[in-house]
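Read through the structure below, which is laid out as structure tokens, and then see the notes.
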Amino acid sequence: MLLLLLLHFLLPLGSDGAQNSNTTSEGCQIIHPPWEGGIRYRGLTRDQVRAINFLPVDYEIEYVCRGDREVVGPKVRKCLSNGSWTDMDMPSRCVKRTIYTGRRSVYIGALFPMSGGWPGGQACQPAVEMALEDVNSRRDILPDYELKLIHHDSKCDPGQATKYLYELLYNDPIKIILLPGCSSVSTLVAEAARMWNLIVLSYGSSSPALSNRQRFPTFFRTHPSATLHNPTRVKLFEKWGWKKIATIQQTTEVFTSTLDDLEERVKEAGIEITFRQSFFSDPAVPVKNLKRQDARIIVGLFYETEARKVFCEVYKERLFGKKYVWFLIGWYADNWFRTPDPAINCTEQEMAEAVEGHVTTEIVMLNPENTRGISNMTSQEFVQKLTQRLGSKKAEETGGFQEAPLAYDAIWALALALNKTSGGSGIHSSGGVRLEDFNYNNQTITDQIYRAMNSSSFEGVSGHVVFDASGSRMARTLIEQLQGGKYMQIGYYDSTKDDLHWLGADKWIGGNPPADQTLVIQTFRFLSQKLFISVSVLSSLGIVLAIVCLSFNIYNSHVRYIQNSQPNLNNLTAVGCGLALAAVFPLGLDGHHIRPGHFPFVCQARLWLLGLGFSLGYGSMFTKIWWVHTVFTKKEEKKERRKTLESWKLYATVGLLVGLDVFTLAVWQIVDPLHRTIESFTKEEPKQDIDISILPQLEHCSSKKMNTWLGIFYGYKGLLLLLGIFLAYETKSVSTEKINDHRAVGMAIYNVAVLCLITAPVTMILSSQQDAAFAFASLAIVFSSYITLVVLFVPKMRRLITRGEWQSEAQDTMKTGSSTNNNEEEKSRLLEKENRELEKIIAEKEERVSELRHQLQSRQQLRSRRHPPTPPDPSGGLPCGTSEPPDRLSCDGSRVHLLYK
């Protein structure tokens, strides 16, 4: 914006010094400048000013004077909507500046909350007055100026503060700075002050929202932000090894913004806020939620009155003691929990029990070191002087007594900044600016005061005073703990240096800092070693039995009886049983025996051994029973085609079943391999009163699509078992020499199918009970394998031993009796077949005889009609040997009758 200074030297305009302006709807008539002065017309050039007669509504003009003259009267006038300028009843003149030999006054506008939510002005106003006296008595600070105070009671109410802010701004004299107290008033003043180019310095505002430089560009405070507690809290969390905390807050801006800042800081430190609760007036439900969520380390942000409500509920919920730590704000009164409060129904003793051991963080508002600062006064001397100034008032009952050192240092920070701005000696200095030239439009002086304030660094009665980039005071934090009903200092923390000075005076109810959560001890449920060893012994004996049976079968494979039982299929059955029994060992291995990295290999071993064992063992038996059913339960014409047993078809059937298993298992292992998974159970509380819980866990072999793969596997295996039972039942009465042990195979199939169909669903149900699941699965494998081996091989051993049938086939044929016995079944079958064939021939002959008799009768009737009847032959029949056909027929009929008989 262009600023043009037009100096018009005119004759005096009478006693007024200002020309009367005419009222018009176009705005306000232009005003001529006073003698020896000029007017700044913002945004207008010299030619534009000469060309116009009226200025628009809300347009502002500023009076200026030349040389050693100064404006007397209003310096700024504004065009009103009625066409007149403001303050026209007061003339603006340029008069010669008076050279003062004394000190010039610089005014401070202050708002002290003498009552209301925080009556901090009761002690802070006397502290400010003490500081003004000490500053004005110094000749090395603002030697040409005297700081004076104009103050009002804001009652910590933004509405009341608005009224007094207007009075401070629009009433003379001009104030060079504003000094508000509580956060709500400071928010209002700081947001409006930039419009008047005023610096705002607060002594009692802690709201984190005031750190927003874009919203409050000219705001400073000697009271640190409430967020300064958060670095201290994070440091303590790290010191005591806490990684999980919970929070509960009163729903106000100051606490919400503080908690938001805490959430960001703990996240950077790797700490988690697991539960966050808030309340407006009744904290009962949030406290119950904290108890339900097992919160242990709890940060509470609320005012003193609400703190009593919270801890009354804490006592009711038993959310205190050696398992819990509460972090509270440190600016409560020392006996806040003993103060009678009709809003709660807890006794003083109950409140004292609930708050015992809690930790507070409090800004160090009084320098703990007995050193002299800029005011040449120690902190203890300041407290003594302030106490004397308060008179009969007790310090503990005076509002703002703790913040009084901050108010005292606020005046010193202002005085040092003004001294730096003015150059230290007013008009006698070649550098700096004249503070008396400041007005609400003079941004140049405001910027210089801002820079001087921003670079402040000195030792005050509250400690080292320095401001951060947001204008907030950087200070140390005092850490206290309530021990035996009294607050004890346990440490200090300087966030600027990340220096924790620990006094080592902390005491804990349980002897040590509690854990941030219930200590969960993870314990694995391992398989009973007695059960595992017992089943392993049975499985080992079963494997030995399978090897014995296999050796026996191979050694006696030349024996005809063994040959008639398809020994190669029996060998596969023995191998399958051995593999299934070997699966018991990896089935019982868990974290007690192997490392987690080896668990996937054990899982695959279980699956492959059991799958291949079942396919070989059960598949060979199923193939036998399938062939018997196919050959001996079909029609006669189909049976004749299958009289010859082709062994390669049997082996191909077994190979198909094994190949299907290998393909399924390979796809399963490649697409979705088995891996180690952990199943966690309900936490168990130990009988002792210790802050731990036991989390039982169990290891499983599983995959992402475990249920799908089990459904496929169990599906076709179950169909094979059911089909095997059906075929065994259908062939129970069949007798064949080609497979002479098919009845034993059927019995083995019954046992295997029943055990598998029962065990599979039971083990799935009992998967969370490692001993029961292993017992069912392993014993089913052991028993089914034992039964199969005993049923198939023991009878053969017994027969060969008792009957001595382990000779070769040539020797065996020399023993007629033995051979006859061995062929009894075959002879019986052949006789039955011959009998059926004879019955068929007889039926055909009878049909032929009936036909011939019918023809004979027809011929006899024809002959009787041609020849008369002759006397009967005494022999009673026709003579044989005649040439007549009837005689021959009669003889043939006798032969047929004989054959029929």
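Computed over heavy atoms, backbone and side chain alike; hydrogens, waters and symmetry mates excluded.
I749 is listed as a side-chain neighbour of Y618, based on a closest heavy-atom distance under 4.5 Å. Residues F552 and L800 meet the side-chain proximity criterion, which asks for heavy atoms closer than 4.5 Å. Between F237 and V299, some side-chain heavy-atom pair lies under the 4.5 Å cut-off. Contact check for I273 versus K267: no side-chain heavy atoms found under the 4.5 Å cut-off. At least one side-chain heavy atom of F622 sits under 4.5 Å from a side-chain heavy atom of L723. Here the side chains of L589 and F532 are in contact, with some heavy-atom distance below 4.5 Å. Taking the side chain as every heavy atom from C-beta outward, F524 and I678 approach each other to under 4.5 Å. A heavy-atom distance below 4.5 Å is found between the side chains of L319 and I298.
Nearest approach of D261 to R265, heavy atoms of both residues: OD2-NE, 2.8 Å. Taking every heavy atom of both residues into account, E317 and V287 meet most closely at CG-CG1, 3.9 Å. Considering all non-hydrogen atoms of both residues, M706 and S702 come closest at CB-OG, 3.8 Å. In plain terms, the two heavy atoms of A269 and V234 that are nearest each other are CB-CG1, 3.8 Å. Contact detail for G619 and L657: the closest heavy-atom pair is CA-CD1, 3.7 Å. Smallest separation of non-hydrogen atoms from L579 and G613: CB-CA, 3.8 Å.
Between E844 atom CD and I841 atom CD1 the span is 7.0 Å, to the nearest 0.5 Å. Residue W668 holds its CH2 atom at 14.0 Å from NZ of K705, rounded to the nearest 0.5 Å. The CD atom of Q517 sits 12.0 Å away from the NZ atom of K243 when rounded to the nearest 0.5 Å. The distance from atom OG1 of T274 to atom CD1 of I245, rounded to the nearest 0.5 Å, is 8.0 Å. Of the inter-residue distances, the one linking N289 atom CG with Q277 atom CD reads 4.5 Å to the nearest 0.5 angstrom. Note that the OG1 atom of T247 and the CD1 atom of I297 stand 13.0 Å from one another [nearest 0.5 Å].
Between the side chain of Y651 and the backbone N or O of N568 there is no donor-acceptor pair closer than 3.5 Å. Using a distance-only test at 3.5 Å, with no hydrogens or angles considered, a donor-acceptor pair links the side chain of D771 to the main chain of S528. Judged purely by atom type and a 3.5 angstrom limit, W242 uses its side chain to pair as donor or acceptor with the backbone of P514. Remark: the backbone N or O of S703 is not paired with any side-chain donor or acceptor of D672 at under 3.5 angstrom. One N or O on the side chain of R606 and one on the backbone of P586 form a donor-acceptor pair closer than 3.5 Å. Without hydrogens or angle criteria, H675 side chain to C701 main chain gives no donor-acceptor distance under 3.5 Å.
Counting heavy atoms of neighbouring residues, nucleotides and ligands inside a 6.0 Å radius, atom CD of E847 does not exceed 12 of them. Sparse packing is recorded around CZ of F776, with 12 or fewer heavy atoms of other residues, nucleotides or ligands lying under 6.0 Å away. The number of heavy atoms from other shown groups lying within 6.0 Å of CZ (F601) does not exceed 12.
When the side chain to side chain contact (heavy atoms under 4.5 Å, CB included) test is applied to N707, no partner is found at least two apart in sequence or on another chain. Qualifying side chain to side chain donor-acceptor pair (under 3.5 Å) partners for K291, counting only residues two or more places apart in sequence or in other chains: Y324. Not a single ring pair (Phe, Tyr, Trp, His ring centres under 6.0 Å) links F793 to another residue, sequence neighbours left out. With sequence neighbours excluded, the residues satisfying side chain to side chain contact (heavy atoms under 4.5 Å, CB included) with V671 are V667, W709. Here R595 pairs with H598 under the side chain to side chain contact (heavy atoms under 4.5 Å, CB included) rule; sequence neighbours left out. In this view, V754 and I758 satisfy the side chain to side chain contact (heavy atoms under 4.5 Å, CB included) rule, not counting sequence neighbours. For C756, there are no disulfide (SG to SG under 2.5 Å) partners two or more places apart in sequence or in a different chain. Residues that satisfy the salt bridge (charged side-chain N to carboxylate O under 4.0 Å, His left out) test with R676, not counting sequence neighbours, are E699. Qualifying disulfide (SG to SG under 2.5 Å) partners for C549, counting only residues two or more places apart in sequence or in other chains: none.
Looking at L550, I543, V544 one by one, the single match for side-chain contact (heavy atoms from CB on, under 4.5 Å) with I547 turns out to be I543.
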Chi angles and distances behind the side chain to side chain contact (heavy atoms under 4.5 Å, CB included) call for W626, T653
CA-CA 10 Å; W626 172 271; T653 304; 5.6 Å; no
Checking side chain to side chain contact (heavy atoms under 4.5 Å, CB included) for the pair N570/K624: CA distance, chi angles, key distance, verdict?
CA-CA 10 Å; N570 288 340; K624 281 187 180 183; 2.3 Å; yes
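The side chain to side chain donor-acceptor pair (under 3.5 Å) pairs that include a residue from residues 571-583 are N553-N571, T573-S620, where partners are two or more places apart or lie in different chains. Residue pairs meeting the salt bridge (Lys or Arg N to Asp or Glu O under 4.0 Å) criterion with at least one member in residues 777-787, sequence neighbours excluded, do not occur.
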Less than 3.5 Å apart, which donor and acceptor atoms pair up between the side chains of residues 783-792 and the rest of the protein, not counting sequence neighbours?
unit_1	atom_1	unit_2	atom_2	d
S784	OG	A780	O	2.7
S784	OG	I781	O	3.0
S785	OG	I781	O	2.8
Y786	OH	L538	O	2.8
Y786	OH	G542	N	3.1
T788	OG1	S784	O	2.7

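Using modelled atom types and a 3.5 Å distance limit, the side chains of Q249 and S278 yield no donor-acceptor pair.
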